[in-house]
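Read the structure below first, then the notes.
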Amino acid sequence: MTEQVEGHFEIEDRAADLAQDTKGGTIMSTNETPNEGVITSYAQAPARTVTAGGVTYAYRELGPKGGIPVVFFVHLAATLDNWDPRIIDPIAKNHHVIAFDNRGVGASTGQVPDTVEAMADDAYTFVKALGFSKIDIFSFSLGGFVAQALVVKHPDLVRKLVLTGTGPKGGKDIDKVAGVTYFDILRATLTRSDPKEFLFFNRNATGKPAARAFVNRLKERTVDRDAPIKVKAFQTQLKAIKKWGRGTPDDLSKITQPTLVANGDNDRMVPSTLSEDLHRRIEGSELIIYPDSGHGGIFQFHDKFAPVAVEFLGR
């Protein structure tokens, strides 16, 4: 079911697939925190909301409370239902984990900003609304852009930074993300596949089964699922990414926080060379490049990456 709009294929159902499988409803819980045991499974993480600056932000939290929380910044078109439980669950065993929908995404209210910097301002508003003065950040793709913008503007807020599948402002070919995305959404539509299988993974003997396994893991949560992203919101995110790709680079030497950078060696969305660029420009950062993998390298190699992330955040 497609129609051509402004020179692009706008495929609403597939844009929703890029975000998540939406079966199971969209009702969000309230902020009430009952007396409950520590939940370390993202599939069971309670859905909550908090309102600040006229926006109601949808979020989920899990893991033991106390200490510095790990806040997850998600990718293009993604909602709360897009985090791989094989990444988030191991981290939640010993950390308070919070995942959230930025303004205008999923069940969060308002309009999606058309700049990454405005998204970072919203993320700051959300974090402060929850009462935190210090956080660790785990970010992927667009979330990594937002994380960089946030730490550049509010360095005192962030203790540690995980940047995966992402690149710096002004990075070469970031402004081409929209073209790659629309092309792969079309390919997925023609093959009745999930776009993430094309966008995140190599189309070879190792990538294809890893892609299917990843997509299936995103369906493990069967109740209280998030609202899908709207096509207009998705298109606005793409505009913000293009501006980021064509923007003046930030001075990343200002980032003094311990930083872990990771990617696959064949990232078609945010070229793998940009992860190497981040590593060079952020002094003392650590870099992992996984072989025979794409944008979703950390998901393909979750069994290797999750322990590394856990160790890094636990230092």
Side-chain angles (χ1 to χ4, degrees), residues 31 33 38-40 42 45-53 55-75 78-80 82-84 87-103 105-106 108 113 116-166 250 252 254-262 278 282 284-286 298 306 308-315:
N31 266 336
T33 306
V38 175
I39 294 173
T40 58
Y42 192 57
R48 309 198 188 286
T49 61
V50 64
T51 299
V55 176
T56 297
Y57 295 91
Y59 70 101
R60 293 176 189 161
E61 60 181 341
L62 64 161
K65 294 185 179 180
I68 295 173
V70 183
V71 182
F72 278 63
F73 288 47
V74 80
H75 65 81
T79 69
L80 290 169
N82 271 91
W83 283 114
D84 188 341
I87 297 289
I88 207 167
D89 290 3
I91 293 173
K93 285 183 180 179
N94 294 302
H95 296 273
H96 182 191
V97 166
I98 298 167
F100 73 106
D101 283 333
N102 213 328
R103 175 161 55 106
V105 175
S108 290
V116 167
E117 289 78 7
M119 295 177 188
D121 289 341
D122 289 334
Y124 180 80
T125 297
F126 167 74
V127 168
K128 300 306 285 187
L130 292 183
F132 297 112
S133 59
K134 187 76 73 175
I135 62 171
D136 290 339
I137 294 178
F138 187 108
S139 64
F140 176 62
S141 196
L142 170 59
F145 305 160
V146 178
Q148 290 172 65
L150 178 62
V151 75
V152 165
K153 188 171 183 178
H154 301 284
D156 292 341
L157 180 66
V158 181
R159 183 187 68 148
K160 290 187 176 182
L161 190 59
V162 180
L163 300 171
T164 68
T166 195
D250 288 323
L252 299 185
K254 293 180 179 179
I255 297 180
T256 58
Q257 289 84 350
T259 302
L260 174 64
V261 181
L278 285 173
I282 301 175
S285 62
E286 302 169 42
I298 65 166
V308 171
V310 168
E311 190 276 332
F312 172 77
L313 292 167
R315 289 178 200 164

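Nothing here was measured: the structure is a model prediction, and the numbers come from that model.
- Rounding to the nearest 0.5 Å gives a distance of 12.5 Å between CG of Asn102 and OG1 of Thr79.
- Across all their heavy atoms, Phe312 and Pro258 have their closest contact at CZ-O, 3.4 Å.
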* Asked: Taking it one step at a time, do Phe73 and Leu150 satisfy side-chain contact (heavy atoms from CB on, under 4.5 Å)?
  -> CA-CA 11 Å; Phe73 288 47; Leu150 178 62; 3.8 Å; yes
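- Taken from CD1 in Ile135 to CD1 in Ile98, the straight-line distance is 8.5 Å, to the nearest 0.5 Å.
- Note that CG of Leu163 is 9.0 Å distant from CG of Leu252, once rounded to the nearest 0.5 Å.
- Under the 30°/60° scheme for interplanar angles, the aromatic rings of Tyr59 and Phe126 are found to stand perpendicular.
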* Evaluate the criterion side-chain contact (heavy atoms from CB on, under 4.5 Å) for residue pair Ile88 and Val97; output intermediate values, then yes/no. => CA-CA 8 Å; Ile88 207 167; Val97 166; 3.7 Å; yes
* Asked: Do Val308 and Glu286 pass the side-chain contact (heavy atoms from CB on, under 4.5 Å) test, and can you show the C-alpha distance, the side-chain angles, and the key distance before you say yes or no?
  -> CA-CA 11 Å; Val308 171; Glu286 302 169 42; 5.8 Å; no
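- Listed by chain and residue number, nothing satisfies the side-chain hydrogen bond (donor to acceptor under 3.5 Å, both in side chains) test with Lys128 (two or more places apart in sequence, or in another chain).
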* Dump the intermediate steps for side-chain contact (heavy atoms from CB on, under 4.5 Å) on Asp122 and Val55, then the final yes or no. => CA-CA 9 Å; Asp122 289 334; Val55 176; 5.6 Å; no
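- In Lys254, the NZ atom is not crowded: 12 or fewer heavy atoms of neighbouring residues, nucleotides or ligands sit closer than 6.0 Å.
- Gln257 places a side-chain N or O within donor-acceptor distance of the main-chain N or O of Val158, the cut-off being under 3.5 Å.
- When every heavy atom of Ala92 is checked against every heavy atom of Leu62, the shortest pair comes out as CB-CD1, 3.5 Å.
- A distance-only check finds no donor-acceptor pair linking the side chain of Asp250 to the backbone of Ala149 [under 3.5 Å].
- Shown here for Ala78 and Val105, the closest heavy-atom pair between the two residues is O-CG1, 3.2 Å.
- Here the closest heavy-atom approach between residue Thr164 and residue Ser139 is recorded as OG1-O, 2.7 Å.
- When each of Val127, Thr125, Leu130 is checked for a side-chain contact (heavy atoms from CB on, under 4.5 Å) with Tyr57, only Thr125 meets the rule.
- To the nearest 0.5 Å, atom OG1 of residue Thr256 and atom CG of residue Leu161 are 10.5 Å apart.
- When side chains are defined from C-beta on, Ile68 does not count as touching Lys160, because their heavy atoms never get closer than 4.5 Å.
- With sequence neighbours left out, Asp89 forms a salt bridge (Lys or Arg N to Asp or Glu O under 4.0 Å) with no residue at all.
- The aromatic rings of Phe72 and Phe138 lie parallel to each other, with less than 30° between the two planes, well short of the 60° mark.
- Between the Ser285 side chain and the Thr259 main chain, no donor and acceptor come within less than 3.5 Å of each other.
- Residues Thr166 and Gln148 share a closest heavy-atom pair of OG1-NE2, 4.0 Å.
- A distance of 10.5 Å separates CG in Asn94 from CG in Leu313, rounded to the nearest 0.5 Å.
- The CZ atom of Arg60 sits 8.0 Å away from atom CG of Asp101, with the distance rounded to the nearest 0.5 Å.
- Annotation: side chain of Val162 is not in contact with side chain of Asp136 (no heavy-atom distance under 4.5 Å).
- Residues His95 and Pro64 come closest through the heavy atom pair O-CD, 3.6 Å.
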